Amino acid sequence: MKTATLGPAQRTEALARMAQPELDVLVVGGGVVGAGTALDAVTRGLATGLVEARDWASGTSSRSSKLIHGGLRYLEMLDFALVREALKERGLLLGRLAPHLVKPVPFLYPLQHKGWERWYAGSGVALYDGMSVSSGHGRGLPVHRHLSHKRALQVAPCLKKDALVGALQYYDAQMDDARYVATIVRTAAAYGAHVANRARVVGFLREGERVVGARVQDVETGDEYEIRAQQIVNATGVWTDDTQALIGERGQFHVRASKGIHLVVPKDRIHSTTGLILRTEKSVLFVIPWGRHWIVGTTDTGWDLDKAHPAASSADIDYLLEHVNSVLAVPLTRDDVEGVYAGLRPLLAGESDATSKLSREHTVAHPVPGLVVVAGGKYTTYRVMAKDAVDEAVHALDQRVAECVTEDVPLVGAEGYKALWNARARIAARTGLHVARIEHLLNRYGSLTEELLELVVADPSLGEPLAAADDYLRAEAVYACTHEGARHLDDVLTRRTRISIETFDRGTRSAREVAELMAPALGWDKGQIEKEIAHYQKRVEAERESQRQPDDLTADAARLGAPDIVPL
């Protein structure tokens, strides 16, 4: 299998090809479910297209807790089927499909009551581990263990001594959610899917009651394309109802948005060797290891304002700080917060007024001939959602279609990853890069690291770290444009890297260096470089201002002070 590159030329070609012969399946929405659906369809031999209005994973799929997990709290809700399904997927991703991207992560659950709580929580975690192993894909993680009060404080010295009487430690998994989606998209393209970001569906083509295609606008140029397809899959997450409105039909279900915000703080602010999971009055709170940082989250509140840029308010930030500080010996302050991000969960409406109790199950429907809708679910089970959506679509195709094979289709970068990991010291010696740098690259790109290193061979200056964000090499900014579909500065600073949430300056100090690295690959002149930098700075200013506002309404108004994209 050849590796696909998602540069500017490939994007232009993909749009042109989608507009030629009729596709079997056109997927609308470039989040994890849409990307997974495109991969499922193309690996069944179907002629497949994928369009995304903004950037890959620019919505919910880059703003999650970045966990691949079974959902331990769903056991308490007795939702055994959802947990079992998610644990199987977790095992597949860790062991077979994406070992370069999905990694084990330990969590400590502090116990606050003697006797009964250890039995109650311990039984739940034991069942969690048992269900994982029984799935046939759960042997890649250590089993849980019980810790005494003394041992728990040795593992997590950050905790107040009176915040626990003991603890349980168990394992789940994590990934860089935006990078994961970009990798699915590249995998789908490698198998022959035509993919284009910054390509917005502005209407559907109809023949009688049947949907036979979509009108797609190239957001960068304004050009419009008519893309015909036997089946269209609406995988637009929290935008599901908006997309359905384009056909003038009421959907069979509705999707509500629940806002979750996260804080990013430096590693040295919380002294612990393990992540934490804490109970709140509404749900659970995670403290998640994230490289040289911690991610603290999340909230769970209804949201009916701007979907493209959900805003975190001052009240949201205070909520997280208050709850995490209830167990920390040295409390966090606003000054410790490097980054803040907010995302929207797509929840199926109608089960409860409380968003934390809305269904995390997914639903697939065929509201009109030619159009399939998939919505709900959770990140971990994206592959199952994609399979169900394609299964629904192929029922209406006049051809015999193969069964889903994505359980056995590793993402690009997975094949050869373990061998390269074992050879990382030799790669470091060959390239002159530190072995820690090679490990960082392998855990972001897998075996595709070799492609990135070829850029460094051609231009050794690309082997230097970015001046104001030295976790990342200069080559990564170039590679994002030539191979990963990045079109704007925001794409690189926010999603191809996570500089926007991992630095106190939110990426503004890196903006010029990164824009100048991107310019040759994207054909930017000096004027466009300045536009990109100015746009990014305005975005950061608007986000900072929104985070000073007391509530959702004022935060949303402040965030909307920055425009969405930079016209070329």
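Quick caveat: nothing in here was measured; it's all calculated off a predicted structure.
The ring pair (Phe, Tyr, Trp, His ring centres under 6.0 Å) search around Tyr479 returns Tyr445, His483, not counting sequence neighbours. Contacts of Thr449 classified as side chain to side chain donor-acceptor pair (under 3.5 Å), with partners at least two apart in sequence or in another chain: none. Residues forming a side chain to side chain donor-acceptor pair (under 3.5 Å) with Arg512 (at least two apart in sequence, or on another chain): Glu530. By the side chain to side chain donor-acceptor pair (under 3.5 Å) test, Arg559 is found to be paired with His309, residues two or more places apart in sequence or in another chain being considered. Applying the salt bridge (Lys or Arg N to Asp or Glu O under 4.0 Å) test to Arg383 and every residue at least two apart in sequence or in another chain returns Glu89, Glu407. Remark: His69 pairs with no residue by the ring pair (Phe, Tyr, Trp, His ring centres under 6.0 Å) rule, at least two apart or across chains. Taking Asp391 as the reference, Arg44, Lys387 meet the salt bridge (Lys or Arg N to Asp or Glu O under 4.0 Å) condition, with sequence neighbours excluded. Annotation: salt bridge (Lys or Arg N to Asp or Glu O under 4.0 Å) contacts of Glu226 (sequence neighbours excluded): none. Looking at residues two or more places apart in sequence or on another chain, you find no salt bridge (Lys or Arg N to Asp or Glu O under 4.0 Å) involving Glu22. Under the side chain to side chain donor-acceptor pair (under 3.5 Å) criterion, Asp556 pairs with no residue at all, not counting sequence neighbours. In terms of the side chain to side chain contact (heavy atoms under 4.5 Å, CB included) criterion, residue partners of Val202 (sequence neighbours excluded) are, by chain and number, Arg200, Arg215, Gln217, Glu224. With sequence neighbours left out, the side chain to side chain contact (heavy atoms under 4.5 Å, CB included) criterion links Ala480 to Glu484, Ala486, Val492, Arg496.
Between the side chain of Thr221 and the backbone N or O of Asp223, at least one donor-acceptor pair lies under 3.5 Å. Side-chain atoms of Thr381 never come within 3.5 Å of backbone atoms of Ala86 as a donor-acceptor pair (strictly under, hydrogens ignored). Between the side chain of Arg11 and the backbone N or O of Asn197 there is at least one donor-acceptor pair closer than 3.5 Å. With His194 contributing its side chain and Ala47 its backbone, the two residues share no donor-acceptor pair below 3.5 Å. No donor-acceptor pair closer than 3.5 Å links the side chain of Thr48 to the backbone N or O of Ala193. Remark: side-chain polar atoms of Tyr379 are paired, donor with acceptor, to backbone N or O of Asp177 under 3.5 angstrom. For the pair Thr298 (side chain) and Ile261 (backbone), a donor-acceptor distance under 3.5 Å is present. Not a single donor-acceptor pair under 3.5 Å links the side chain of Arg210 to the backbone N or O of Arg206.
Taking the side chain as every heavy atom from C-beta outward, Glu532 and Met518 never approach each other to under 4.5 Å. Side-chain contact between Lys259 and Asp552: present, with at least one pair of heavy atoms (C-beta onward) separated by less than 4.5 Å. Asp491 places a side-chain heavy atom less than 4.5 Å from the side chain of Arg198. No side-chain heavy atom of Val390 sits less than 4.5 Å from a side-chain heavy atom of Val233. Between Glu52 and Ser58 there is a side-chain heavy-atom pair separated by less than 4.5 Å. Using a 4.5 Å heavy-atom threshold, the side chains of Ser64 and His262 count as separate. The shortest side-chain heavy-atom distance between Gln230 and Gln399 falls under the 4.5 Å cut-off. For the pair Glu543/Val340, no side-chain contact is recorded, criterion being any heavy-atom separation below 4.5 Å from C-beta on.
Of the inter-residue distances, the one linking Gln528 atom CD with Leu489 atom CG reads 10.5 Å to the nearest 0.5 angstrom. One finds the CG atom of Leu101 at 11.0 Å from the CG atom of Leu442 (value rounded to the nearest 0.5 Å). Distance CG/Leu371 to CD1/Ile247: 5.0 Å, rounded to 0.5 Å. Ile295 contributes atom CD1, which lies 5.5 Å from atom NZ of Lys66 (distance to the nearest 0.5 angstrom). Distance CH2/Trp56 to CZ/Arg495: 12.0 Å, rounded to 0.5 Å. Taken from CG in Leu92 to CD1 in Ile68, the straight-line distance is 11.5 Å, to the nearest 0.5 Å.
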> Is there a side chain to side chain contact (heavy atoms under 4.5 Å, CB included) between Asp242 and Thr236 once you walk through the steps?
Replying inline: CA-CA 9 Å; Asp242 304 73; Thr236 52; over 6 Å; no
> Given Glu207 and Arg228, is the salt bridge (charged side-chain N to carboxylate O under 4.0 Å, His left out) satisfied, shown in steps?
Replying inline: CA-CA 11 Å; Glu207 289 183 4; Arg228 293 187 170 268; 3.5 Å; yes
> What's the verdict on side chain to side chain contact (heavy atoms under 4.5 Å, CB included) for His535 and Lys531, showing C-alpha distance, side-chain angles and the deciding distance?
Replying inline: CA-CA 6 Å; His535 168 264; Lys531 283 182 183 178; over 6 Å; no
> Are Tyr536 and Ser500 close enough, and set up right, to give a side chain to side chain contact (heavy atoms under 4.5 Å, CB included), and what steps lead you there?
Replying inline: CA-CA 10 Å; Tyr536 186 78; Ser500 68; 3.1 Å; yes
> Going through the distances and angles, do His488 and Arg54 end up as a side chain to side chain contact (heavy atoms under 4.5 Å, CB included)?
Replying inline: CA-CA 10 Å; His488 292 285; Arg54 297 187 295 152; over 6 Å; no
>> The test is salt bridge (charged side-chain N to carboxylate O under 4.0 Å, His left out); show your working for Lys103 and Asp176 and say whether it passes.
In response: CA-CA 10 Å; Lys103 303 295 177 182; Asp176 181 331; over 6 Å; no
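For the residue pair Asp40 and Thr37, no side-chain donor N or O sits within less than 3.5 Å of a side-chain acceptor on the partner. Checked by atom type, the side-chain pair Glu545/Gln549 shows a donor-acceptor distance below 3.5 Å. Counting only N and O atoms by type, the side chains of Asp316 and Thr299 include no donor and acceptor under 3.5 Å apart. A side-chain donor from one of Glu502 and Trp290 sits under 3.5 Å from a side-chain acceptor of the other. For the residue pair His395 and Gln231, no side-chain donor N or O sits within less than 3.5 Å of a side-chain acceptor on the partner.
By the 30° and 60° cut-offs, the orientation of the rings of Tyr180 relative to Tyr382 is perpendicular.
Look at Glu476 and Arg444 and you find a salt bridge, because one of the NZ, NE, NH1 or NH2 atoms lies within 4.0 Å of a carboxylate O, short of that distance. With respect to the salt-bridge test (charged N to carboxylate O, under 4.0 angstrom), the residues Asp304 and Arg256 do not qualify.
Of all heavy-atom pairs between Leu493 and Gly507, the closest is CD1-O, 3.8 Å. The two residues Ala173 and Val102 come nearest to each other via the heavy atoms CB-CG1, 3.8 Å. Among all heavy-atom pairs drawn from Ala475 and Leu452, the shortest one is CB-CD2, 3.9 Å.
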